[in-house]
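Structure, as C-alpha cells:
Throughout, a chain's letter reflects where its sequence line sits, starting with A, and its residues are numbered from 1. All values derive from a computational prediction rather than experimental measurement.
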Protein chains: 2
Amino acid sequence: MSKRNYRDLIKGNVPVIPEEGIFRLLSTEERASILKSVTVMNFSRHDIIFRQLMPADHVAYVTSGMVKIYRSGRSSRVVCITLAGPGQFVALPCAIDQGEYRFSASAVESTEALMIRSDAIISLIAENGRFAGELFKRVSRDIIEISDKLVSLSVKQLPGRVADLIRYFSEDVYNSDDFTVPLTRQELAELIGTTKESLIRTLNEFRNDKLIEMEGRRIKILAPDLIDILCELG
Amino acid sequence: MSKRNYRDLIKGNVPVIPEEGIFRLLSTEERASILKSVTVMNFSRHDIIFRQLMPADHVAYVTSGMVKIYRSGRSSRVVCITLAGPGQFVALPCAIDQGEYRFSASAVESTEALMIRSDAIISLIAENGRFAGELFKRVSRDIIEISDKLVSLSVKQLPGRVADLIRYFSEDVYNSDDFTVPLTRQELAELIGTTKESLIRTLNEFRNDKLIEMEGRRIKILAPDLIDILCELG
DNA sequence: CTGACAGATTGATCTATATCACCACAAAAT
DNA sequence: ATTTTGTGGTGATATAGATCAATCTGTCAG
C-alpha cells in the first residue's frame, strides 16, 4: 500500500498545467505565464504538504491521491476539516487572504500536487474574470460544505454523523457504494469529531444491523435508504 | 430598543450604493449599472430576510443592524452559522453557486440591507477584477472563520465555547469589553451548539468566578486574560 | 387590573459518548 | 528470531451537558 516507487521520490518534475477542469479557462499565454510559478510535488502517506502558521505562499492543486486538511491544537485532539482529492485546491482561502496557513495538510496516500505560488493565483483572479468566477464558485461550495459539517456536528449524534461520513465517501469521493478508504479509524473519527473507539462501536452497530458490510478499510453499503434516513434525523 | 419608527416600515426606498468599503472599487458606470439591480429593505426583529431552499436570487449587504444566518432542520435544533453586521454580505456563497439558499436569515434587530440581484454580483465579479479580488478575500475569511468554529465545536467543551462567544462579541462585533447583545439566551446557545440552560449555567459560573459582569443582555468582561486562556485550552 | 406569553433561571435526572485500560494482530525494525 | 510499533478492537467507568419540569420575571393587550 505505502510502498514507494522511484517516481514518488521525485519532487519538482517538469510541471504541466492540466488541460481539463478549471484550467481550460486559461488562455495560452496565461498557461505559459503561470507555469513559471508552478512546481510539481509528489508526497507519500504522512508527508506534510504545509503546516499551520506558516506563510501561505502556495496553493496546492491535487492531481492524484488524497490529502487531509486538519487542525491540531497544542495539547488537544486533531480535527480534520476536510479531505481533498484530484481536481481540488487546498489552502485557497489562506492564500487569497494573503495570510498564513490556518490548517495543516498532509497526504493520506501517494499524492501528486501542483504547488502554485499564491501571487500567481491572485493575479490570475484579477485578470481573468471567468477563472475568478469558477474559483469563486468552488470556494463558495466549500463554505456550504463546511457549514453542513458544522450543522452535522452540532445537532447530530454519532449514528447520524457516521452515516454522513459513509455517504460522503460513497457519493462525494468514490461515487460507489463499495469503497476502500485510505484512512485509519483514528482519522475517520477525527473527520466527524469523535474518538476511534466510539467510531468503531458505531460502525459495528451498522454492520450488525446490516446497514453495511465491512472488512478492514473496505466498506460496502447494503442499505443506502437507511443510511439516508440516519443522515436526516441525526 | 425595538420601537419602530416610520422609516423602519418603508421597504424599497431609493437605493444608494455606499461610497465606502468594498463599493469604492466600483467605477461610476458600474455603480450606476448595479443600482438597477438593488433594492433597499428594512427589517425588524424576527423578519425573515430569506429562507433556506428558496432560489438564491439576491445577496444582502447589511448597512445597519444585525442578521443571523441559521439552519433549522425539520424536527431538530436550530444551528446559528454566523451573524452579519454593517458592511457584511449575507448569502454570497449561495448566490455565487447559483443555487438555492442553504440557510435562512432573519434580522435580530432593526436592520437595513441592500438586496442585490445575484446576476448583477456575478457579472461584476467577471468584469471587475479588483472587486472580485476583494469579495474573494471576504469569502475566504468567512471560510477560515467557519473552520475555526468547526474546530471550536468539535474539541472544546462548554466553558471554552462560551469564552469564544464572549470574545467574538467583544473583538469582532462591538470592539469593546462592555456590550449589550441583541440576542436571547436561546439564540446565544444556538450560536455555540448548546442549549439555553447550559449556556446560562456556564455564564453564571463565569460571573461567580469574576470573569464577567452581567445584567440581562449586557455583558462586561472583567478578566480578558482568563477568557483568552479558556478560549485556548477549551 | 389581569391574563397571557416570552424569556430567564434553577434543580433533578438521564444518557451518549469520552476516557481509561486493556488485548490481538501484522508489519517493520532490531 | 524477537522486539517494537501502529492499528483495530472490547469492556468498564466517569461525566459533561442534554432533557425535563418547575418557577419567576417583565411586558403587552384587552
Item to check | Between D:dA14 (P) and A:E197 (CD): distance, integer Å | outcome: 17 Å
Checklist outcome for this item: Closest of C:dG7, D:dT7, D:dG17 to the B:R217 side chain is C:dG7
Checklist entry - Looking at A:N204, does any N or O in its side chain come under 4.0 Å of the phosphate oxygens OP1/OP2 on D:dG9? => result no
Next on the checklist: Testing B:I166, B:L191, B:I192, B:V155 one by one against B:R161 for a side chain to side chain contact (heavy atoms under 4.5 Å, CB included), which residue passes?
Outcome noted: B:I192
Checklist entry - How is A:T195 classified with respect to the nucleic acid when contacts are heavy atoms under 4.0 Å: base, sugar-phosphate, or nothing? => result base
Item to check | Nucleotide D:dA16, atom P - distance to CG of B:L158 in whole Å | outcome: 11 Å
Checklist entry - To the nearest angstrom, how far is A:E205 atom CD from D:dG11 atom P? => result 13 Å
Next on the checklist: Counting only side-chain nitrogens and oxygens, does B:S198 get under 4.0 Å of the OP1 or OP2 atom of D:dA18?
Outcome noted: yes
Next on the checklist: Using a strict threshold of under 4.0 Å (side-chain N to carboxylate O), is an ion pair present between A:D57 and A:R117?
Outcome noted: no
Checklist entry - Taking the side chain of A:P159 as heavy atoms from C-beta outward, which of C:dG7, D:dG8, C:dT17 is closest to it? => result C:dT17
Next on the checklist: Whole angstroms only, please: what is the CD-P distance between B:Q157 and C:dA16?
Outcome noted: 19 Å
Checklist entry - Rounded to the nearest Å, what distance is computed from the CD1 atom of residue B:I192 to the P atom of nucleotide D:dA16? => result 16 Å
Item to check | side-chain hydrogen bond (donor to acceptor under 3.5 Å, both in side chains) involving B:T195 - partner list, sequence neighbours excluded | outcome: B:S198
Checklist entry - Tell me: CG of B:L203 to P of D:dG17, nearest whole Å? => result 13 Å
Checklist entry - Roughly how many Å is it from CG in B:L188 to C1' in C:dT9, rounded to a whole number? => result 15 Å
Checklist outcome for this item: Comparing A:R161 with A:K196, nearest DNA chain C nucleotide closer to 5' gives the residue A:R161
Item to check | Distance-only side-chain donor-acceptor flag, A:N204 / A:R201, under 3.5 Å | outcome: no
Item to check | From CD (B:E100) to CD1 (A:I144), nearest 0.5 Å | outcome: 9.0 Å
Checklist entry - Between B:T194 and D:dA18, does any side-chain N or O lie under 4.0 Å from OP1 or OP2? => result yes
Checklist entry - What is the distance from CD of B:E187 to P of C:dA8, rounded to the nearest Å? => result 9 Å
Next on the checklist: Please determine whether a side-chain nitrogen or oxygen atom of B:R201 lies at a distance below 4.0 Å from atom OP1 or OP2 of C:dT9.
Outcome noted: no
